[in-house]
Amino acid sequence: MELPFEPFRIRVVEPIRPTTRAEREAAIRAAGYNPFLLPSEAVLIDLVTDSGVSALSVRQWSAMHGSDESFTGSRSFRRFEAAARELYGKRHVIPCHQGRAAEHLLCRAVLAPGQVVLGNTLFATTRANIEEQGGQAIDLPIRENADPTSLHPFKGDIDLDALGRRLAEAAAGSVAFVVLTLTDNSGGGQPASLANIRAAAELCRQHRVPLLLDAARIAENCYLIARREPEHHGRSPREVARDIFALADGVFMSMKKDALGNSGGVIALDDDGWAERIRIRLLVSEGIPSAGGLAGRDLECMAAALDEMLDEAHLAHRVAQVSRLGEQLAAAGVPVLQPFGGHAVYVDGRAFCPHLANEQLPAWSLTVALYVASGVRSWEVGNVLGGRKDPSSGGWRWPALDLLRLAVPRRVYTASHLDYVARSLVELHAGRHEIRGLRFVYRPPLLPQFIATFEPA
Ligand code: F0G
């Protein structure tokens, strides 16, 4: 794919320092073979996440300098509230400190133990919040989502037949809500089509079940709709976003991804009863309703980004940057998930390391090998994140895909940085049979990827 040149100039720079292989071997051993636990100075190119790590714009910084840090009633909140109401089209705008705080508030306020939440593919923190509240989280992705070779343009779609069946069979009140995660980070960063979102919304309306959006990467999803869905060719990402938000009863969003923030989250909805319950929870655990635990400058940063994130030149460059990395890997025979999504390239760990059994955690072992070989930090979305012990048999149940994720921070790395990443992974692929498997030393009961530790198997 032709890469448009960066639609920005770089005014502030942060040095990065190469390390030796011996230094990296010592660092990863000290981190319990969990790249997440490495000190950032030991990392050369950090593709562990695209969350909270964007380069801010001149407009965001100048808005932050003009912030109002009053304890309550701040002008910065009113500015954020107006921008969010305009984009989401919802009356209630409730800020909070990040995406999982929004999920926590929502689940505590409106989910009763025993209720079910259905979705295309829920993100790990959404699932954890549902399960902690005693709810049951069920993913209903389309069949193509689990097939790394399928070129379906909207692998983030929800399976409408399965959704319709579940909603029809459920006892009244047993499904708390349906969540569409746009794009579907855990299923490969894949978008859902507007036709699919519209049909899912119609099913939810028929069965009187609220439809919520996890909108962490909604801008990329909208851009990919305008690129890939024939009826929407040529529409602006903002127009597509307005259509999508109008179909949903509510939105929760980490403002650290598409919304270009270093921190922040939001819930937007129309239902007065839900909003009241969420605000009461907010007061107990996050902060006051006009701040949600954020500084005025964070609210200013988010207000500016709600406009900036949907800029077409920004999205065109970003999506092309991610695709180009994916194409370089695919051309060299590295098994990558296609088509490429918005924020990351996903590598099929089981196909890359066919000599490793599931218990030896192929994609996780690959993240460690890539770091040791090159200083590039990536993250696993696979056996460690999604593996579950079957309580009856005691055996493991592994997720459909075991992936390494190269998440590209927004406006941070240039083409030559990503060329280095591609080269490093291609070299590792040539020597892939040398990659050693790992096994758990410590596995916490929830969200293991953040704090688990490992040793060579
Ligand atoms: N929803 C999605 C789709 C996410 O990808 C994330 C976070 C969250 C919710 C939670 O938001 O981090 O602000 O609390 N994803 C990060 C990642 C951690 O690297 O993909 P948060």
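Atoms considered below: every heavy atom in the structure, side chains included; atoms not considered: hydrogens, waters and symmetry mates. For ligands, and for the atoms within them, numbers begin at 1 and follow the listed sequence.
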Item to complete: Sort out for me which residue in H104, E103, R100 forms a side-chain hydrogen bond (donor to acceptor under 3.5 Å, both in side chains) with T125.
Response: E103
Worksheet item: Do D184 and K155 sit within salt-bridge range, that is, some charged N less than 4.0 Å from a carboxylate O?
Response: no
Practice prompt. Provide the closest heavy-atom pair for P191 versus N221 in the form atom of the first, atom of the second, distance.
Written response: CA-OD1, 3.2 Å
Worksheet, complete the sentence: Between A219 and L315 the two heavy atoms that sit nearest each other are O-CD1, 3.7 Å
Does any N or O atom in [X] lie less than 3.5 angstrom from one in ligand 1, N or O only?
X	result
T181	no
F123	no
N185	yes
T49	yes
K256	no
T126	no

Discussion item. Tell me whether R443 forms a cation-pi arrangement with F440, defined as NZ or CZ under 6.0 Å from the six-membered ring centre and within 45 degrees of its axis.
Written reply: yes
Item to complete: Evaluate the side chain to side chain contact (heavy atoms under 4.5 Å, CB included) criterion for residues L213 and I244: first the C-alpha distance (whole Å), next the side-chain angles of each, then the deciding distance (0.1 Å), finally the verdict.
Response: CA-CA 9 Å; L213 305 178; I244 294 177; 3.6 Å; yes
Worksheet entry | H429 and F352 aromatic ring geometry - parallel, tilted or perpendicular at 30°/60° bounds | perpendicular
Worksheet entry | Parallel, tilted or perpendicular: rings of Y346 and H343 (30°, 60°) | perpendicular
Worksheet item: For atom 18 (C) of ligand 1, which protein heavy atom lies nearest, and how many Å away is it?
Response: R100 NH2, 3.8 Å
Fill in: Nearest non-hydrogen protein atom, atom 10 (C) of ligand 1
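Residue, atom and distance for the closest contact: T125 OG1, 3.5 Å.
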Worksheet item: Should you measure from each heavy atom of E103, which atoms of ligand 1 turn up under 4.0 Å away?
Response: 1 (N), 8 (C), 9 (C), 10 (C)
Worksheet item: Heavy-atom contacts under 4.0 Å between R127 and ligand 1: side chain, backbone, both, or neither?
Response: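 Neither; nothing of R127 gets under 4.0 Å from ligand 1.
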Worksheet entry | Min heavy-atom dist M255 to ligand 1 below 4.0 Å | no
